[in-house]
Protein chains: 2
Amino acid sequence: MQYFMAKLKLHNLKFTPRRIAIIQLFLSNNIFTPEEIWNRLKKQFKKCGLPGVYRNLESLVECGILAKIHKIDRKRYYGLCSAKENIHHHHIICLQCGKVDDISDCFFEKKETIKGYKLISHYIQLNGICEGCLNK
Amino acid sequence: MQYFMAKLKLHNLKFTPRRIAIIQLFLSNNIFTPEEIWNRLKKQFKKCGLPGVYRNLESLVECGILAKIHKIDRKRYYGLCSAKENIHHHHIICLQCGKVDDISDCFFEKKETIKGYKLISHYIQLNGICEGCLNK
DNA sequence: CTCCTAAATAGAAATAGTTTCTATTTAATA
DNA sequence: TATTAAATAGAAACTATTTCTATTTAGGAG
Ligand SMILES: [Mn+2]
Ligand SMILES: [Mn+2]
Ligand SMILES: [Zn+2]
Ligand SMILES: [Zn+2]
């Protein structure tokens, strides 16, 4: 928790009860939608607004604690990002349990141009079944 | 156009005026949102519904004529997919003019496992500036 | 510890993008 | 030409997300 507190401080973000609770939910290494987070928070806090959850999730992404995860449905997903500081990396998601892991080898990181295009950015996401789920 | 007609036929989809017009818009090699397509179609057809545009764009993806493109905003984007049949590939988009090109080398295509995960699927999208825009 | 202020919050309302529904029309085949 | 599945418009519904306003709170300064 000290680790997260430091990251928040670095970005002038306060260490609030809501944020502590949200981070704790993500410590399971699962991915969640804003609404899923909200449903869980409502059990802990008698007052709890959905817009606040949205804002918090974005704040936590900004300071590198969470990562956005993409799925085919129209919802947003977030997962814990355990990579050190500003290291370029991508994520692999377990389609069964929602576990997230960092993938740090990236073929495109050093590439400057491809097919005549000057490369500006790229998005990669891998989906699979994690070791834990495979051994069940 | 014969080419597209054949692709549609293969999927039991009709070669309608709406679809012809939509394909023609994409022949510029640009990416468009459903609403952008709708705005252009409204100039050609006095009656033209947005739900129909949504349905058509999805149909055209299903039969391999269009590809879904992802951006950070909440909108859907589509672009012409010029790859032959079911060849595994990804896309690179010009951030300036919206041009789309196919990228066929894929590091992950043959990979079976990564970090203990059994790989099921992956999503890659490259963003850059195309040759045309660079030379302006 | 007390005061101060920027940051965080809830709740209501608004918005934007997308989907569903129903009745009508049309493309493609026989 | 007749038939029929597919396509369509338009209205309404829906869902995820954002904006707005007033109130509260975390964390630093004194
Ligand atoms: Mn990460
Ligand atoms: Mn393509
Ligand atoms: Zn990368
Ligand atoms: Zn690939």
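Chain identifiers are assigned alphabetically (A, B, ...) following the order of the sequence lines, protein sequences preceding nucleic acid strands; residue numbering begins at 1 within each chain. Both backbone and side-chain heavy atoms feed into the values below; hydrogens, waters and symmetry mates do not.
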Let me have the donor-acceptor pairs involving side chains of residues 41-54 of chain B, under 3.5 Å, with sequence neighbours excluded, atom names and distances please.
unit_1	atom_1	unit_2	atom_2	d
B:K42	NZ	B:N39	OD1	3.4

Using the rule that two of Ile, Leu, Val, Met, Phe, Trp, Tyr join whenever any of their side-chain heavy atoms come within less than 4.5 Å, decide whether B:L60 and B:Y3 are in one cluster. yes
- Message: Is the shortest side-chain heavy-atom distance between A:I124 and A:F108 below 4.5 Å?
- Response: yes
Side-chain donor-acceptor pairs under 3.5 Å in residues 93-104 of chain B, sequence neighbours left out?
unit_1	atom_1	unit_2	atom_2	d
B:K99	NZ	B:D101	OD2	2.8
B:D101	OD2	A:Y117	OH	2.9
B:D102	OD1	B:H89	NE2	3.2
B:D102	OD1	B:H91	NE2	3.1
B:D102	OD2	B:S82	N	3.4
B:D102	OD2	B:S82	OG	3.2
B:D102	OD2	B:A83	N	2.9

Item to complete: Taking the side chain as every heavy atom from C-beta outward, state whether A:L119 and A:T113 have any atom pair closer than 4.5 Å.
Response: no
Whole-Å distance, B:F15 CZ to C:dA28 P, equals 8 Å
Here the gap from B:I37 atom CD1 to B:L57 atom CG, rounded to the nearest 0.5 Å, amounts to 6.0 Å
If you restrict it to nitrogen or oxygen atoms, what contacts under 3.5 Å exist between nucleotides 1-7 of chain C and the protein, and what is each distance?
unit_1	atom_1	unit_2	atom_2	d
C:dA6	N3	A:K14	NZ	3.3

Separation between CE (A:M5) and CE (A:M1), nearest 0.5 Å, reads 11.5 Å
The correct set of residues in residues 59-75 of chain A placing a heavy atom under 4.0 Å from DNA chain D is A:R74, A:K75
(message) Tell me whether A:D73 at atom CG has more than 12 heavy atoms from other residues, nucleotides or ligands lying less than 6.0 Å away.
(response) yes
B:R18 atom CZ is separated from C:dA27 atom C1', nearest whole Å, by 13 Å
Sorted by number, residues from residues 37-58 of chain A placing a heavy atom under 4.0 Å from DNA chain D are A:L50, A:P51, A:Y54
Taken to the nearest whole Å, NE2/B:H11 to C1'/C:dA28 is 18 Å
**Request:** Give a yes/no answer on whether the side chain of A:R76 brings an N or O atom under 4.0 Å of OP1 or OP2 in D:dT15.
**Result:** no
Is there a donor-acceptor contact under 3.5 Å from the side chain of A:R19 to the main chain of A:K14? yes
Original post:
Hey, is the side chain of B:T16 poking within less than 4.0 Å of OP1 or OP2 on D:dA6, counting only N and O atoms?
Top reply: no
In this structure, are over 12 heavy atoms from other groups packed under 6.0 Å from A:K7 atom NZ? yes
Name the atoms and distances for all side-chain donor-acceptor pairs under 3.5 Å in residues 126-135 of chain B, with sequence neighbours left out.
unit_1	atom_1	unit_2	atom_2	d
B:N127	OD1	B:Q125	NE2	3.0
B:N127	ND2	A:S121	OG	3.1
B:N135	ND2	B:E131	O	3.3

To the nearest angstrom, the NZ-P distance between B:K9 and D:dA6 comes to 15 Å
